[in-house]
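All values below come from the heavy atoms of this structure, side chains included, with hydrogens, waters and symmetry mates left out.
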Amino acid sequence: MESSSLYHEIVLRHKREPRNFGSLSRYTHASQGINALCGDRLHVQVDCADDHLVEMRFTGECCAITVASASIMSEMVVGKDRHAIDAIANRFAQYLSGDDAHANELGELCAFNELRRHSTRRKCALLPWAALRGALAGAVVATTEGAGLTE
């Protein structure tokens, strides 16, 4: 597995300079995302108002794919409600499984296209989405196993 093919430049940029990395001083929802397969741990905090996500931050010890996915996600979800976030998460999971039907709606998430050939790494990209959905659902801990992501 050649590094240049798996780690697209967008993924590397988000890993090196993740957006919204850190903690919120005030938040309404939080969850710990855990990927038992590789050991990634990602903590997501969000502040919601009027059923919309106002702000999001994340921290954790994670691989480049998880950090980059969380970084891209953090920019995409601000202003969205839970239904819109669920729709994006499901479209992303479907995209990683080879479904291009909604690729034009995924923006920078399409940089993870190489994961289609590396199924074991897909969970790394999906972990932030599972953690965010878990937080919004009131779950203290979330995994890709119980996230309801249709892969």
query: Quick one: ring pair (Phe, Tyr, Trp, His ring centres under 6.0 Å) partners of Phe58, sequence neighbours excluded?
result: Phe21
Donor-acceptor pair, side chain of [X] and main chain of [Y], under 3.5 angstrom:
{"X": "His8", "Y": "Ile10", "answer": "yes"}
{"X": "Asp40", "Y": "Cys63", "answer": "yes"}
{"X": "His52", "Y": "Asp50", "answer": "yes"}
{"X": "Arg116", "Y": "Leu96", "answer": "no"}

task: Would you indicate whether Asn104, at its atom CG, is surrounded by more than 12 heavy atoms from other residues, nucleotides or ligands within a distance under 6.0 Å?
output: yes
task: Flag yes if more than 12 heavy atoms outside Glu105 fall under 6.0 Å of its CD atom; otherwise flag no.
output: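 Yes.
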[X] versus [Y]: any side-chain heavy-atom pair under 4.5 Å?
{"X": "Ser97", "Y": "Arg122", "value": "yes"}
{"X": "Cys124", "Y": "Cys38", "value": "yes"}
{"X": "Leu126", "Y": "Ser69", "value": "no"}
{"X": "Trp129", "Y": "Val77", "value": "yes"}
{"X": "Leu115", "Y": "Ile65", "value": "yes"}
{"X": "Leu12", "Y": "His14", "value": "no"}
{"X": "Ile72", "Y": "Phe112", "value": "yes"}
{"X": "Arg57", "Y": "Glu55", "value": "yes"}

- request: Check Met73, Gln45, Glu75, Arg19 against Met56 for a side chain to side chain contact (heavy atoms under 4.5 Å, CB included) and give me the one that passes.
  value: Met73
query: Between Asp99, Asp100, Leu106, which is the residue that forms a side chain to side chain contact (heavy atoms under 4.5 Å, CB included) with Gln94?
result: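 Going through the options one by one, the only one that passes is Asp99.
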Any link between [X] and [Y] through a network of hydrophobic side chains (Ile, Leu, Val, Met, Phe, Trp, Tyr) touching at under 4.5 Å?
{"X": "Leu42", "Y": "Val78", "result": "yes"}
{"X": "Val44", "Y": "Val54", "result": "no"}
{"X": "Ile85", "Y": "Leu24", "result": "no"}

field: Distance, nearest 0.5 Å, that separates CG of Leu132 from CZ of Arg82
entry: 9.5 Å
Between CG on residue Asn90 and NE2 on residue His102, distance to nearest 0.5 Å: 10.0 Å
message: Filter on side-chain hydrogen bond (donor to acceptor under 3.5 Å, both in side chains), then keep only pairs touching residues 21-31, sequence neighbours left out; what's left?
response: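 Every side-chain hydrogen bond (donor to acceptor under 3.5 Å, both in side chains) pair that includes a residue of residues 21-31, provided the two are not neighbours, is Arg26-Asp47.
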